[in-house]
Amino acid sequence: MLDLKFIRENPDLVRRAIRDKKAPDHLDELLGLDSRRRAVIGEAEALKHERNVVSQQIADAKKAGREAADAIVAMRAVSERAQSLDIQLREIEEQILHWQLRIPNVPHPDCPVGDESQNREVRSWGRKPALAFTPAPHWELGQKLGIYDGVAGTTVAGSGFFVLRGAGARMQRALINFMIERHVANEYVEHRLPYLVTAKTMQGTGQLPKLAEDMYHIESDDLWLIPTAEVPLTNLRAGSVLPAGSLPLRSVAYTPCFRREAGAAGKDTRGMMRVHQFDKVELVKIVEPETAESELETLTADAEAILQALELPYRVRLLATGDLSFAGAKCYDLEVYATGVDAWLEVSSCSMFTDFQSRRMDLRVRPKDGGKPYHPHTLNGSALALPRTMIAIWENYQTDKGSIRVPEVLIPYMGGLEEIA
RNA sequence: GGAGAGGUGGCCGAGUCGGCUUAAGGCAGCUGCCUGCUAAGCAGUUAGUGGGGAAACCCGCUCCCGGGUUCGAAUCCCGGCCUCUCCGCCA
């Protein structure tokens, strides 16, 4: 979230961010509450000061063996008044937090202003495959080869779930291993993480309160299924002050991701393109504020390196303000081209969040030379989302015989298998 | 799930019948001073957060969290969370 003081001092900037991100505008309520809060604090603290002084006098009087009944009676009234102001204050602060949690991060000036039509392609890599036959979509390929089973997924879990089998399952596992090992070689520390997290954790990275409808909630234990490894991975040190010199922290984790996809019915739903559960390898960085922008570039490059190694054509798009996530300040989407569905599929979003998330999750770092602890900057990016990456592999590496060649770099991870037939 | 113990400052650790404890003492750190015997001595200093102020500085809050009792709570009462030990259960 944004610092209250920052909001107070930059209302125009914040209002523009709200508008550019198409968020509901409750800035005036918030600013009104903020000034009320400060008025109440002033009054309450004056009373508390009086109470403290007089209580001390009462203590001194009693020690000297004198009576202090008058002062006690007087302080009873003061204390009651202070208490009722405290109750008011608590209510005001609850409301402030309520709105504060709903104000989006301010987009970086690099971001094009506007809706998704303003997303700007910043570069592309590779060529669309030139096949001498009509390419099949992945669900046809997978079904014929017996490596993809949509029906079985529906049987056990309902629509939006799928099953991989044999070489299909193995390729998924190979991709996960391949990606993690590449990132570990780039000094990301591998993690295994909880897939269920508390509401507080969801709030820390910004999924709650806004995205409650898009996530699975376990009512009996009030836990939430993670929609991305970003959530647990970024929150690992929430609520703490890191020792000086802790940064940068670079982490990688593979987790399944769970998304209700409420309201997305009928859109890109064939095959594995949009499902309720998918695997993903995620990168998270926690860095010094000054280095955040260059860390975003290297993070994006690390994700791109996977696509390049797999020889999959892709394009990089800088998201416009209206397409940015709630917490994001700047974001590159990586879209891989899949020839069977003839579409650019989003396989990664690489974002920087400035101090928006670290403030929400109360993560700070102690400065080297004393002074106040400060909020580090956080970043994350998928590298990569699995099903869509695999869709691109199946479709782009398909042969006229209906088989799928295994990308060179994956062969060692597939036990030497070169073709799925 | 059952029984017990416990949660105090960067760390260890005290806190008596509620007031003189933001908090003793020790360690670590920092700053001076001193010293030829140095894994030494002396003095001072070292939290976070909120409000006010141009600033110096003043004030509030914080002894796991939230309530309560009280003029006043680290200290008493209630609820919650977490940690540890033992038992049970379990992949």
Side-chain angles (χ1 to χ4, degrees), chain A residues 1-10 30-101 192-204 208 218-224 232 235-247 255-256 355-356 358-376:
Chain A
M1 61 192 164
L2 299 176
D3 184 19
L4 199 53
K5 211 171 282 173
F6 175 85
I7 297 171
R8 186 189 307 144
E9 286 164 5
N10 303 278
L30 180 58
L31 291 173
L33 286 164
D34 174 50
S35 73
R36 261 187 69 204
R37 166 172 179 270
R38 283 181 293 157
V40 173
I41 283 176
E43 206 182 327
E45 291 193 349
L47 290 171
K48 286 181 190 174
H49 180 54
E50 186 187 352
R51 185 184 66 190
N52 287 345
V53 169
V54 175
S55 286
Q56 186 55 54
Q57 288 168 359
I58 292 169
D60 294 343
K62 290 211 161 176
K63 220 177 312 152
R66 279 182 281 117
E67 269 306 312
D70 290 353
I72 287 175
V73 171
M75 280 313 100
R76 200 170 291 158
V78 168
S79 203
E80 261 169 41
R81 175 78 185 132
Q83 217 162 26
S84 91
L85 285 170
D86 272 349
I87 290 166
Q88 274 186 49
L89 185 61
R90 212 177 311 134
E91 282 165 4
I92 291 169
E93 291 188 332
E94 256 172 48
Q95 293 175 53
I96 286 177
L97 186 64
H98 176 89
W99 294 123
Q100 210 179 351
L101 287 171
R192 298 292 299 173
L193 301 165
Y195 303 159
L196 288 164
V197 300
T198 60
K200 193 175 178 192
T201 300
M202 284 296 182
Q203 183 177 294
L208 286 179
I218 311 287
E219 222 170 295
S220 55
D221 296 280
D222 194 20
L223 291 169
W224 298 75
N235 275 287
L236 290 177
R237 306 297 304 277
S240 66
V241 180
L242 303 176
S246 302
L247 306 183
T255 70
D355 60 0
F356 191 85
S358 60
R359 179 169 284 110
R360 271 172 102 97
M361 63 184 175
D362 189 24
L363 173 68
R364 288 172 299 164
V365 181
R366 201 166 292 287
K368 272 201 173 63
D369 42 5
K372 289 192 182 308
Y374 59 95
H375 296 286

Problem set entry | Electrostatic pair A/Arg90-A/Asp86, nearest N-O below 4.0 angstrom | no
Problem set entry | Nearest-angstrom distance, P atom, B/rC90 to B/rA5 | 28 Å
Exercise. Given A/Asp60 and A/Gln56, is the side chain to side chain donor-acceptor pair (under 3.5 Å) satisfied, shown in steps?
Worked result: CA-CA 6 Å; A/Asp60 294 343; A/Gln56 186 55 54; 3.1 Å; yes
Exercise. Which base sits across from B/rG60 as a Watson-Crick or G-U pair, both distances under 3.5 Å?
Worked result: B/rU49
Problem set entry | Nucleotide paired to B/rA5 in any strand shown, Watson-Crick or G-U, under 3.5 Å | B/rU83
For this session: Return the nucleotide paired to B/rC37: Watson-Crick means purine N1 to pyrimidine N3 with N6-O4 or O6-N4, wobble means G-U with N1-O2 and O6-N3, both under 3.5 Å.
Result: none
For this session: Output yes when at least one side-chain N/O atom of A/Arg37 is less than 4.0 Å from OP1 or OP2 of B/rG51, else no.
Result: yes
Exercise. Is the shortest side-chain N/O distance from A/His49 to OP1 or OP2 of B/rC59 below 4.0 Å?
Worked result: no
Exercise. Is the distance from OP1 or OP2 of B/rC61 to the nearest side-chain N or O of A/Asn52 less than 4.0 Å?
Worked result: yes
Problem set entry | Nearest-Å distance once atom C1' is located in both B/rG88 and B/rC78 | 30 Å
Exercise. Given B/rC71, B/rC59, B/rC20, which nucleotide is nearest the side-chain atoms of A/Ile72?
Worked result: B/rC71
For this session: Using the P atom on both, measure B/rG26 against B/rC33 and round to a whole Å.
Result: 24 Å
For this session: Using the P atom as the reference point in each nucleotide, state the distance between B/rA55 and B/rG15 in Å, no decimals.
Result: 43 Å
Exercise. For atom C1', what is the distance between B/rC12 and B/rA24, given to the nearest Å?
Worked result: 14 Å
Seminar exercise, completed: The residue, A/Ile41 or A/Ala46, whose nearest nucleotide of RNA chain B is more 5′ is A/Ile41
For this session: Tell which nucleotide pairs with B/rG44, taking only Watson-Crick or G-U wobble pairs whose two distances are both under 3.5 angstrom.
Result: B/rC30
Problem set entry | Under-4.0 Å side-chain N/O to phosphate OP1/OP2 contact, A/Arg38 with B/rG52 | yes
Exercise. With sugar-phosphate meaning primed atoms plus P, OP1 and OP2, does A/Arg8 contact a base, only sugar-phosphate, or nothing at under 4.0 Å between heavy atoms?
Worked result: sugar-phosphate
Exercise. Looking only at side-chain N and O atoms, does A/Arg364 come under 4.0 Å of OP1 or OP2 in B/rU49?
Worked result: yes
